[in-house]
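Reviewing the structure listed below.
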Amino acid sequence: MQALPGFRDFLPEDCARRNYIFSRWREVARRYGFVEWEGPLLEPTDLYKKKSGEEIVDQLFNFTDKGEREVALRPELTPTLARLVAAHEREFKKPLKWFSIGQFFRYEKQQRGRLREHFQLNCDVIGETDLAADIELIALCIDVLRAFGFTEKDFVVRVSDREFWTDFLGEKGVPSDRWDELLTVIDKSGREPREKTAAKLGTLANSVFAILSSSGKSEKLDKLVDGLRGRGLADFVAVDVEIVRGLAYYTGIVFEVFDRARKLRAIAGGGRYDNLIGQLSDGAVSMPALGFAMGDVVLGELIDQTPQAREKIKKAITTAGKIDIYIVIAKEERRADALKQIQQLRDHGYSIDYSLVREKVGRQFQAAEETSAVLALLYGDEWPQIKMKNLATREESLINHDTLLDSVKKFFNAARST
Ligand code: HAM
């Protein structure tokens, strides 16, 4: 039996990598004053049909549940957030700055960088129209990536503005009910043959191609880049109006993050969705909003191909995998005494490992090395004393079993201060 296509098994090493990614995500989101929240994994299919757009609806993992409800595993978090905010709007002071880390499911064709499940960090700001919020959000996205060791040489945030395009379509006299369809064509233009895009754009083709080749410009985008320049982050961004985003609910500034070498799929994407909360609540609550999501799959690929990021994750995983103490039971008669003290040490927060059954002393020391334990405690002929061995320096000393906790605390305090 194998895992389903596009689903991953997480062996301990993979879990360690995932924990590392989640820790950096959480750490930087908190640094920006964002608070954590979570929604359900299963939602009514209608939540996505209403506003996510055709692409997402085609990719839904959906079914009819035993109560005859049409349900879907969540492909993204934004509709859930909009639903939740509309329902609890009065309970919170605006703007809300919320983040979430969770798993998402899309029935996509499995390919490099795209699976049928993935994890995302979502960061959203609700209740603020000012461009300052867009700048803050993009700065957060950049800083999240910097926390993995990436620099402006490794990734770029391509920023754009949907309003730039809707203004253009308005000026050209295109009726607004065709805008979504044309925005999708522009969004796909970089990935499709030029003739195909031209055919879909009709009479607009030449002007659209002219704009795309000059990469576009607007006062709002200039201000956005200036805001990031003020924080020393301008080198991480590039204005590029080819970015329109596949999801239907975006209304203003949009952005996507790519590796500089342009070998990988998007690492993150987001933007403003000022109408979604109003639309999902049928006009009951209307609130401006913006956010982005970063996926773990492409991020993992970029880590693997960026030397300094690879070094950083390796080091962090090795440190996180270390246990504090390995207990070596040299005399089986001492097992009960050792277990009593193992319990006491664990109660005080030390991570401890030991052999569950009788084992040769040499094998136990070998296991201590394998777990990267810092300290070994040996229960044997020395009892009522215990032999304490610093596994890094090989130094040994004898301590009294009834003052063990103090000795261990002293050891780790000294180890931490060096
Ligand atoms: P999205 O661009 O669909 O945006 O997804 C965000 C990121 O999730 C992508 O850049 C990619 O790294 C990752 N991702 C998406 N699909 C897959 C997949 N099948 N396999 C692996 N990784 C994937 C959203 O989901 C929006 N809801 C983001 C947002 C939040 N907008 C406002 N707030």
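All values reported here derive from a predicted model rather than from experimental measurement.
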| query | Can you name the one residue among E359, R363, Q364 that meets side chain to side chain contact (heavy atoms under 4.5 Å, CB included) with V328? | reply | Q364
| field | Side-chain ion pair, E369 and R394, N-O less than 4.0 Å | value | yes
| query | Between Y32 and F99, is the ring centre distance below 6.0 Å? | reply | no
| message | When you compare the side chain of I313 with that of F148, does any pair of heavy atoms fall below 4.5 Å? | response | no
| Donor-acceptor contact below 3.5 Å, side chain E395 vs main chain N390 | no
| Does any N or O in the side chain of D353 come within less than 3.5 Å of the main-chain N or O of Y326, such that one atom is a donor and the other an acceptor? | no
| note | Partner of E70 under side chain to side chain contact (heavy atoms under 4.5 Å, CB included), picked from T64, L60, D65, is T64
| Pairwise side-chain contact, D296 with R8, heavy-atom cut-off 4.5 Å (strictly under) | yes
| request: Inspect the contact between R272 and E163 and indicate whether a charged nitrogen and a carboxylate oxygen are less than 4.0 angstrom apart. | output: no
| said: Within the 3.5 Å criterion, strictly below it, is a donor on Y249 or Q279 matched to an acceptor on the partner's side chain? | reply: no
| Residues which pass ring pair (Phe, Tyr, Trp, His ring centres under 6.0 Å) with Y250, listed by chain and number, not counting sequence neighbours | none
| Looking at residues at least two apart in the chain, or sitting in another chain, which of them share a salt bridge (charged side-chain N to carboxylate O under 4.0 Å, His left out) with D240? | R158
| Is any side-chain heavy atom of T306 closer than 4.5 Å to a side-chain heavy atom of D259? | no
| request: With the side chain counted from C-beta on, respond yes when R114 and V298 share a heavy-atom pair under 4.5 Å apart, and no when they do not. | output: yes
| When you look at W37 and F92, which way does the ring-ring contact (aromatic ring centres under 6.0 Å, His included) test go after all the steps? | CA-CA 13 Å; W37 72 283; F92 303 99; over 10 Å; no
